[in-house]
Trainee: 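Below you will find the structure I want to go over with you.
The analysis underlying the following values was restricted to heavy atoms, covering all of them including side chains, and did not include hydrogens, waters or symmetry mates.
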Amino acid sequence: MATATNILLFPYLAQGHLIPFLDLAKLLEQHTHQSSSISITILSTPLNIQNLQSLLPSTSIIHLHSLPFDPVAHGLPPHVENTDSCPTPSHIHNVSVASRSLQPQFEEFVTQQLSSNPHLKLYLISDVFFSWTIPIAKKLSIPHAVFTTSGALGSATFMSMWLHLPHR
């Protein structure tokens with residue numbers, strides 16, 4: 001049996017992350033469109049997936065999968081599933097905290113993917129703000145990369161600050 005490959009992309013819940021991940025998926029699609037054994041899947045919340053669907057051409061082979069998410073359970077108004085739809089700046093923190101609640105659904109989805117097809121090779125590209133995906137990828141032996149949607153200067157500054165913490 002031929003080995004199938006699925007590249008999973010998991011962006012943070014903000015337009016400034018969702019759109020660059022969609023662009024990355026489209027680039028991957030361009031380079032893999034001739035291979036029927038490679039699929040690309042973007043994971044997010046139901047409303048984010050609905051919004052991304054409207055941005056994909058009908059001929060796209062990019063799959064979109066929504067993970068269950070209840071904004072009200074996290075102190076957010078109904079229909080608030082990313083930072084752009086927050087009615088007040090104080091809700092942005094709630095989105096960040098709520099995004100961590102996706103961890104069990106994410107792990108369940110990945111585990112189900114692996115168990116449904118023992119020949120499937122999964123690759124994970126997750127957002128820099130979803131660092132909790134790293135232990136899951138290691139536990140399930142999935143190659144993992146972190147994608148940051150900020151520019152080179154911002155990324156280099158962020159990395160430098162963590163590597164060389166400023167004097168207190």
Trainee: Identify the heavy atoms of G16 and P20 that sit nearest to each other, and give their distance.
Mentor: O-CG, 3.2 Å
Trainee: Check step by step if side chain to side chain contact (heavy atoms under 4.5 Å, CB included) holds for I62 and L52.
Mentor: CA-CA 10 Å; I62 297 169; L52 290 174; over 6 Å; no
Trainee: Looking only at heavy atoms, which two atoms of P71 and P77 are closest? And how far apart?
Mentor: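 In terms of heavy atoms, the two residues are closest at CB-O, 3.6 Å.
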Trainee: What pairs with T88 under side-chain contact (heavy atoms from CB on, under 4.5 Å), at least two apart in sequence or on another chain?
Mentor: S90, H91
Trainee: Hey, can you tell me if F130 and F10 have their rings parallel, tilted or perpendicular (30° and 60° cut-offs)?
Mentor: tilted
Trainee: With sequence neighbours excluded, what pairs up with K139 under the salt bridge (Lys or Arg N to Asp or Glu O under 4.0 Å) test?
Mentor: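 By the salt bridge (Lys or Arg N to Asp or Glu O under 4.0 Å) rule, K139 matches E107.
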Trainee: Got a second to check how far L122's CG is from H144's NE2, nearest 0.5 Å?
Mentor: 12.0 Å
Trainee: Just wondering, do T41 and I7 contact through their side chains at under 4.5 Å, heavy atoms?
Mentor: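 When only atoms from C-beta onward are counted, T41 and I7 do not touch, as no gap falls below 4.5 Å.
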Trainee: Is L43 reachable from I61 through a run of hydrophobic residues whose side-chain heavy atoms are each under 4.5 Å from the next?
Mentor: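 No, I61 and L43 fall in different hydrophobic clusters.
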Trainee: Output every pair passing ring pair (Phe, Tyr, Trp, His ring centres under 6.0 Å) with a member in residues 43-64, not counting sequence neighbours, ordered by first then second residue.
Mentor: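 For residues 43-64, and leaving out neighbouring residues, there are no ring pair (Phe, Tyr, Trp, His ring centres under 6.0 Å) pairs at all.
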Trainee: From I40 CD1 over to L27 CG, what is the distance, rounded to the nearest 0.5 angstrom?
Mentor: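 The CD1 atom of I40 sits 9.5 Å away from the CG atom of L27.
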Trainee: Do N82 side-chain atoms and A14 backbone N/O form a donor-acceptor pair below 3.5 Å?
Mentor: no
Trainee: Starting from L102, can I reach L140 by hopping between I/L/V/M/F/W/Y residues whose side chains sit under 4.5 Å apart?
Mentor: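 The answer is yes; both residues are in one hydrophobic cluster.
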Trainee: Between atom CG of L22 and atom CG of N48, what is the distance when rounded to the nearest 0.5 Å?
Mentor: 11.5 Å
Trainee: Quick one: OG1 on T133 to CG on L8, what's the gap to the nearest 0.5 Å?
Mentor: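 Reported value, rounded in 0.5 Å steps: 10.5 Å.
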Trainee: Please tell me whether Q15 and T83 have a donor and an acceptor in their side chains that are separated by less than 3.5 angstrom.
Mentor: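 No - no donor-acceptor pair under 3.5 Å links their side chains.
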Trainee: For the residue pair P46 and L67, what are the closest heavy atoms and their distance?
Mentor: CD-O, 3.3 Å
Trainee: Are E29 and S60 close enough that some pair of their side-chain heavy atoms sits under 4.5 Å apart?
Mentor: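 Sidechains of S60 and E29: in contact.
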Trainee: Would you find more than 12 non-hydrogen atoms of other residues, nucleotides or ligands less than 6.0 Å from L153 atom CG?
Mentor: no
Trainee: Atom CG of N6 and atom OH of Y123: how far apart are they, to the nearest 0.5 Å?
Mentor: 11.0 Å
Trainee: Any idea which heavy atoms bring S99 and Y12 closest together, and the distance?
Mentor: OG-CE1, 3.9 Å
Trainee: Between CD of Q105 and OG of S66, what distance do you get to the nearest 0.5 Å?
Mentor: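 Separation between the atoms: 10.5 Å.
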Trainee: Side chains of I19 and T149: closer than 4.5 Å at any heavy-atom pair?
Mentor: no
Trainee: Please answer: with hydrophobic residues joined when any side-chain heavy atoms are less than 4.5 Å apart, are L64 and I125 in the same cluster?
Mentor: yes
Trainee: Any sub-3.5 Å donor-acceptor pair from S160's side-chain atoms to A156's backbone N or O?
Mentor: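 Flag not set: sc S160 to bb A156 has no pair under 3.5 Å.
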Trainee: Does F129 CZ have over 12 foreign heavy atoms under 6.0 Å away?
Mentor: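 No, not enclosed.
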Trainee: Counting only heavy atoms from other residues, nucleotides and ligands, does the tally under 6.0 Å from NE2 of H65 exceed 12?
Mentor: yes
Trainee: Measure the shortest side-chain to side-chain distance between L120 and T5 over non-hydrogen atoms and say whether it is less than 4.5 angstrom.
Mentor: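 Heavy-atom side-chain distance check fails, nothing below 4.5 Å.
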Trainee: Is the closest side-chain heavy-atom distance between L9 and L28 below 4.5 Å?
Mentor: yes
Trainee: Would a single hydrophobic cluster contain both L18 and V128, if residues Ile, Leu, Val, Met, Phe, Trp and Tyr are joined by side-chain heavy-atom contacts under 4.5 Å?
Mentor: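 No, V128 does not connect to L18 through the hydrophobic network.
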Trainee: So which heavy atom on A98 is nearest to which on S101, and how close?
Mentor: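 Answer, listing the atom of A98 first, then S101: O-OG, 2.6 Å.
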Trainee: What pair of heavy atoms forms the shortest contact from V95 to C86, and how long is it?
Mentor: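 Looks like CG2-SG, 3.5 Å.
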Trainee: Please state whether the rings of H74 and F69 are parallel, tilted or perpendicular, taking 30° and 60° as the class boundaries.
Mentor: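 Rings of H74 and F69: parallel, under 30°.
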Trainee: Please tell me whether I49 and L24 are part of a single hydrophobic cluster in this structure, the criterion being side-chain heavy atoms less than 4.5 Å apart.
Mentor: yes
